**Student:** 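Encoded as structure tokens, here's the structure I'll be asking about.
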Amino acid sequence: MPVVNKELGKIFSDMSHIYQYKNGKQRFRAIAYEKASRVINDLQDDITTFTKKGQLEEIPGVGSSIAEKINEYVKTGKIKKFESLKKTVPIDMLELMNISGFGPQSLKRIHQRLKINNRDEVIKALQDGRISEIKGFGKKKVDNMLRSLKLHKTVEERMLLWNAIEAGNKVLDEFKKMKEVRQAELAGSLRRKKETIGDIDILVTCDEKSRKKIITKFVALPLVKEVLAKGDTKASVIINEFNKQVDVRIINPDEWGSALLYFTGSKEHNVQLRTIARDKGYKISEYGLFDIKTGKRIAGGTEEEIYNKLGFESIPPEMREQKGELDLAAKNKIPSLVTLTDIKGDMQMHSTWSDGTMDIEDLARFVSGHYPYEYIVLTDHSKSEIIAGGMNEEQFIDQVKEIRRVNTKLKKDFIKTGTEVDIKADGSLDLKDELLEQLDWVCASIHTGFTHDNTERIIAACENKFVNCIGHPSGRLIGQREAYPVNWEKVFRVAKQTNTAFEINCQADRMDLNDELAIMARENGVKLTISTDSHQQSQFAFMQLGVFIARRAWCTKNDILNTASWNEIKKFAERKRKK
DNA sequence: GCCGTTTTCGGCCCGACTGTTTTCAGTCG
């Protein structure tokens, strides 16, 4: 994330906290700052590209007042209003507001009674019993505050989508095993397939009388580490796996659609939908769609029913991020998103010839036995990748012979020849064109210089007529390594001109391109590939992760190259070579 | 503070759980 965006996001989040703390009547102002903070944090481009063009107010949630503050910050490095606000509250204490149980009103009372000014003092006062002497702070509340303080660190770290899918399914299976349960489904950001997941949401239906029994069974499961809350219709627990929070909601079977809609989010999508419903004289809650005047329930059994009653076509969960999907749905223009079954082959993987764990024949037999693919492309590393056992030109020639041998043995032209060739610091490749020309598919990737601006390097690679695709283009590793700076608009323009595809790499910690960049690529007319970059058997299953990214980027089958037959892909490569 | 195919003013989604209360505020998702 661009540094300025991060700084501004933090400032606006702080301002939101300050307004919540100061005065309940400023609630909506606080919400506005909160929203601005989130939007700016999610922004792909550096905010200064907006300030330069005077387009700040085109960002949703940014109006004239916040735009002015952004300009002030970009120009002077400060926001006067924020500086003066900071002096009126114990700002160091408000850091705690991100922790559950530490709301503005509680912190305010603690500050006023104990004259405490920072988070460490609050923690100390909690532990030595001073806070439990304040009216309204009983033993349970203090215990809860101490507990969530302890949990805060581990729970705040988000988990990778892949891990969340595995953990979520484990819990989901437990519900499906209970005979009282009618339906159970993963909801929340997990259902929308965000690249990282905060907590796991599960929705369950049953007869009303079975609710208590289900909750009781659930909180007693061995996989539950700690119970945070439980009532008649919901429960929150921490599970052993990844130390993550799981929220369960139980509803009646005829509320399935409205509850799923509500529990899937995103929050922004729901708020927009509810606002529209309200304008039309309806009210949406997790219990259904209601006519405000008569109080009559209009819909709620399925999500589709609710969308339709409000004049929308149904919207896939991956699109529910308030990015204009409701406008499209109103015009019946929701794209037909790519699905896993559309994928006809895997475009990047490694064998024992470089750093993979399977030899070519085992690999081919495994994939053709477990996946319905028409082709796979073997893309072992080139010589610069010494640690990964990268190969030189002669070794690639030998490998081509081996691939032919295996294909003959399998009696089909299943394995395509290829490489993941290194893009060197100067933008040149570390394999000779004479070799690249002989391969079916060339993917070029950056493996060094992660802190530099790599725009020109990627462009240079695109301009080589034997390069068909750029691999893991942004170089980020989720939670470990930031993406290197790149002028993406420029890069995607060149990609389009040169007929170079860009990869959506499915490795669980890469997910690269991410959804935002995939949107930008698609809008620029750049073709995408979805590939697992598998190094071992289990990783071929990552393909679904890439499909999820593509769906979040509103991609159809036509945007994804490897939904096509190999003949089509060959034509794509040939067009570039002829240019 | 943001926002607008009924509004440039007057709205701003909706309900459950907890704890400490005698009817509700605070917090959360």
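Chain letters run A, B, ... following the sequence lines, proteins first, then strands; residues in each count from 1. As the structure is a computational prediction, the values presented were derived from the model and not from experiment.
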**Student:** At what distance, to the nearest 0.5 angstrom, does OG1 of Thr205(A) lie from CZ of Phe175(A)?
**Tutor:** 11.5 Å
**Student:** Side chain of Arg249(A), heavy atoms from C-beta onward: which of dG1(B), dT21(B), dA16(B) has the nearest atom to it?
**Tutor:** dA16(B)
**Student:** Side-chain N or O of Tyr287(A) versus OP1/OP2 of dA16(B): is the shortest distance under 4.0 Å?
**Tutor:** yes
**Student:** Using the C1' atom as the point on both nucleotides, what is the distance between dC2(B) and dT8(B), in whole Å?
**Tutor:** 12 Å
**Student:** Distance check: side-chain N/O of Asn144(A) vs OP1/OP2 of dG19(B), anything under 4.0 Å?
**Tutor:** yes
**Student:** Would you measure the distance from the C1' atom in dC13(B) across to the matching atom in dC28(B) and give it in whole Å?
**Tutor:** 14 Å
**Student:** Is a salt bridge present between Glu72(A) and Lys69(A), judged by a nitrogen-to-oxygen distance below 4.0 Å?
**Tutor:** no
**Student:** Counting only side-chain N and O atoms of Lys283(A), is one of them less than 4.0 Å from OP1 or OP2 of dG15(B)?
**Tutor:** yes
**Student:** If we take the C1' atom in both dT5(B) and dG1(B), what is their distance in whole Å?
**Tutor:** 24 Å
**Student:** Across nucleotides 23-29 of chain B, 5' to 3', mark each nucleotide with B, S or - according to how protein heavy atoms within less than 4.0 Å reach it.
**Tutor:** ---SSSB
**Student:** Compile the donor-acceptor pairs under 3.5 Å between side chains in residues 226-233 of chain A and protein atoms, sequence neighbours left out, one pair per line.
**Tutor:**
from: Glu226(A); atom 1: OE2; to: Arg147(A); atom 2: NE; distance (Å): 3.3

**Student:** With C1' as the reference atom in both, quote the distance from dT6(B) to dG11(B) in angstrom, rounded to an integer.
**Tutor:** 14 Å
**Student:** Using a 6.0 Å cut-off, check whether atom NZ of Lys280(A) has over 12 heavy atoms from anything other than its own residue.
**Tutor:** yes
**Student:** Taking the six-membered ring for Trp, is the centroid-to-centroid distance between Tyr19(A) and Tyr33(A) below 6.0 Å?
**Tutor:** yes
**Student:** Please give me every residue in residues 306-318 of chain A whose heavy atoms get under 4.0 Å of an atom in DNA chain B, ordered by residue number.
**Tutor:** none
**Student:** Given dT21(B), dG1(B), dC13(B), identify the nucleotide with an atom nearest to the side chain of Lys135(A).
**Tutor:** dT21(B)
**Student:** With the threshold set at 4.0 Å, does a side-chain nitrogen-carboxylate oxygen contact exist between Arg38(A) and Glu268(A)?
**Tutor:** yes
**Student:** For dC12(B) and Arg29(A) - does any side-chain N or O of the residue sit under 4.0 Å from the phosphate oxygens OP1/OP2?
**Tutor:** no
**Student:** Look at the side-chain N and O atoms of Thr233(A) and state whether any lies under 4.0 Å from the OP1 or OP2 oxygen of dC17(B).
**Tutor:** yes
**Student:** Say you pick atom P in dT20(B) and the same atom in dA16(B); how far apart are they, in whole Å?
**Tutor:** 22 Å
**Student:** Can you tell me if Phe28(A) is stacked onto the base of dC2(B), using a 5.5 Å centroid cut-off and an angle below 30°?
**Tutor:** no
**Student:** Taking 4.0 Å as the cut-off, does a side-chain nitrogen or oxygen of Ser65(A) come that near to OP1 or OP2 on dG1(B)?
**Tutor:** yes
